[in-house]
Undergrad: 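Before we start, here is the structure in question, set down as structure tokens.
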Amino acid sequence: QAAGEEEEMIAAIEAYVGRNPVAVAGRELDAFEVERQVAGPGGSVVLHVVGSAGTQYFEYTVLMVKGDGGWTVKSMEAGD
């Protein structure tokens, strides 16, 4: 995976969280990092992501698809 593409994925996640703060329980997260990704259903990608708020870290599972306009978040759920 190219670094530029991962940056695009993170930008899409940040935009999604901006529109849907409930996805991160209203937390003010400083940054997201992709821990791993696997192929998902129908050409989608499932990302395991860590969001940081200072020294606290929160895990999320994000379902994304890539279309003509770039990456789009379809769902985002808090991990364990």
Undergrad: Write down the atom of G54, the atom of D30, and the distance for their closest heavy-atom approach.
TA: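 Heavy-atom minimum between the residues: N-OD2, 2.7 Å.
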Undergrad: State, yes or no, whether a side-chain contact exists between V45 and W71 at a heavy-atom distance under 4.5 Å.
TA: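 In contact.
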Undergrad: Atom NZ of K66 and atom CD of E5: how far apart are they, to the nearest 0.5 Å?
TA: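 One gets 4.0 Å once the value is rounded to the nearest 0.5 Å.
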Undergrad: Work out which heavy atom in S75 is nearest to a heavy atom in Y16; give both atom names and the distance.
TA: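 Reported closest heavy-atom pair: CA-OH, 4.3 Å.
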Undergrad: Which heavy-atom pair separates M64 from A12 by the least distance, and what is that distance?
TA: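 Answer, listing the atom of M64 first, then A12: CE-CB, 3.6 Å.
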Undergrad: Please tell me if the side chains of Q37 and M9 come closer than 4.5 Å, counting only heavy atoms from C-beta onward.
TA: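 In contact.
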Undergrad: Would you say that T61 contacts H48 through its side chain, given a criterion of any heavy-atom pair below 4.5 Å between the two side chains?
TA: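 With C-beta onward as the side chain, the pair touches.
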Undergrad: Are F58 and L29 packed together at the side-chain level, in the sense that at least one heavy-atom pair is separated by less than 4.5 angstrom?
TA: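 The answer is yes, as the side chains (C-beta and beyond) meet within the 4.5 Å cut-off.
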Undergrad: I'd like to check M76 versus N20 (side-chain heavy atoms, cut-off strictly below 4.5 Å). Are they in contact?
TA: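 In short, these two side chains do not touch, never coming nearer than 4.5 Å.
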Undergrad: What pair of heavy atoms forms the shortest contact from A53 to E28, and how long is it?
TA: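 Scanning both residues, the minimum pair turns out to be CB-O, 3.5 Å.
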Undergrad: Mind listing the closest non-hydrogen atom pair of I13 and V62 along with its distance?
TA: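 Looking at all heavy atoms of both residues, the closest pair is CG1-CG1, 4.1 Å.
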Undergrad: Is it possible for you to say whether Y60 and I10 belong to one hydrophobic cluster, with membership spreading through side-chain heavy-atom contacts below 4.5 Å?
TA: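 Yes; I10 is reachable from Y60 via cluster members.
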Undergrad: Starting from V46, can I reach V50 by hopping between I/L/V/M/F/W/Y residues whose side chains sit under 4.5 Å apart?
TA: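 Different clusters: V50 never reaches V46 through Ile, Leu, Val, Met, Phe, Trp or Tyr contacts under 4.5 Å.
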Undergrad: Could you state whether V38 and L63 fall into the same hydrophobic cluster, counting links through intermediate Ile, Leu, Val, Met, Phe, Trp or Tyr residues with side-chain heavy atoms under 4.5 angstrom apart?
TA: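 Yes, because V38 and L63 connect within a single hydrophobic cluster, where side-chain heavy atoms sit under 4.5 Å apart.
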Undergrad: Going through the distances and angles, do E59 and E35 end up as a side chain to side chain contact (heavy atoms under 4.5 Å, CB included)?
TA: CA-CA 9 Å; E59 295 180 3; E35 294 286 302; over 6 Å; no
